[in-house]
Amino acid sequence: MSKEDKYKIGMASKHSGVTPQTVRYYEKQELFTSLKDDFSTTRYYGVRHFKWLSNIRRYFKCGFSEADVRELVNCENFEQMTGIIDRRIKESRRELQELRGRIEAMERMSCNVKRIPSLLGRVVTEENPEISILITRRGGRMLEDAHTERVLAKWLDNIQMTALASVIPQSMLLAEPESTYRLSGHCTLTRNLPLLGCDENDPAICTYKPRMCLHTVCELKGEDLSPKALMPYVYDYVRDFGLRIC
């Protein structure tokens with residue numbers, strides 16, 4: 001390469017769209033190698049480096065990790081490059097699914113908060129979507145089996161897609177109105193189960209098909225909001241509106 005074909009880092013930065021600091025970082029991470037004259041520490045860059053740097057920048061912009069970029073720039077054939085790119089496409093699709101799940105969760109959260117004033121003191125009837133519940137506590141006893149704990153860990157890692165849940169068995173509610181016994185855990189829309197790494201046939205998960213349900217918001221007053229103190233509010237509400245627990 002002749003002397004005229006060598007450029008300093010400022011020109012390399014200008015024609016590749018990355019800062020001089022980034023050029024140095026790429027080279028330090030061995031993503032490419034600059035030119036050096038004998039007996040000199042000054043780095044030089046040829047026109048081919050501009051394209052090389054632009055490609056590295058493009059890989060990062062597309063979402064490839066530094067390890068992926070290192071593999072891409074060191075590929076020996078097109079098959080290797082295709083394999084790396086296809087792998088990243090698959091990962092990106094999974095991330096997109098998760099992102100859509102997060103957006104849906106935020107939209108539901110916003111909708112629920114906006115509905116609170118309209119539900120306060122009244123009842124609406126609507127069909128619940130299909131939901132799945134992971135029970136982690138029965139009454140006062142936490143479930144400590146290894147499988148339930150593994151599933152719980154997955155759900156907590158994706159907590160934006162789940163919600164806290166409590167279920168009072170109908171038999172207990174009708175037979176012992178003062179009982180504080182309940183099943184507690186987490187719930188999610190059944191369609192989110194694949195994103196949580198679960199299957200609706202998992203024995204730790206209870207799935208409830210869509211059904212018509214009553215929804216309301218009750219204003220609770222006073223300092224004691226324990227389960228035993230809450231039940232009278234529930235029964236007063238049922239009585240005041242002429243509802244029947246079935």
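These numbers come from a predicted model, not from an experiment. Residues take their numbers from the sequence shown, with the count starting at 1.
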To which residues is [X] joined in a hydrophobic cluster, defined by side-chain heavy-atom contacts under 4.5 Å among Ile, Leu, Val, Met, Phe, Trp and Tyr, whether direct or through other members?
{"X": "Met109", "value": "none"}
{"X": "Leu156", "value": "Leu134, Val151, Leu152, Trp155, Ile159, Met161, Leu193, Leu195, Leu196, Ile205"}
{"X": "Ile103", "value": "Leu99, Met106"}
{"X": "Val113", "value": "none"}

Non-neighbouring partners of [X] that pass side-chain contact (heavy atoms from CB on, under 4.5 Å), sequence neighbours left out:
{"X": "Arg93", "result": "Ile89"}
{"X": "Asn112", "result": "none"}
{"X": "Arg115", "result": "Cys111, Ser118, Leu119, Val124, Glu126"}
{"X": "Ser54", "result": "Ser16"}

### All side chain to side chain donor-acceptor pair (under 3.5 Å) counterparts of Arg191, not counting sequence neighbours
Glu104
### Task
Kindly write out the residues that satisfy side chain to side chain donor-acceptor pair (under 3.5 Å) with His15, not counting sequence neighbours, or none if the list is empty.
none
Donor-acceptor pairs under 3.5 angstrom involving side-chain atoms of residues 73-80: please list them, not counting sequence neighbours.
from  : atom 1 : to    : atom 2 : distance (Å)
Asn74 : ND2    : Arg70 : O      : 2.7
Asn77 : OD1    : Glu79 : N      : 3.1
Asn77 : OD1    : Gln80 : N      : 2.8
Gln80 : OE1    : Glu76 : N      : 3.0

For a quick test of your reading: what N or O donor-acceptor pairs under 3.5 Å do the side chains of residues 55-62 make, sequence neighbours left out?
from  : atom 1 : to    : atom 2 : distance (Å)
Asn55 : OD1    : Arg58 : NH1    : 2.8
Arg57 : NE     : Gly17 : O      : 3.1

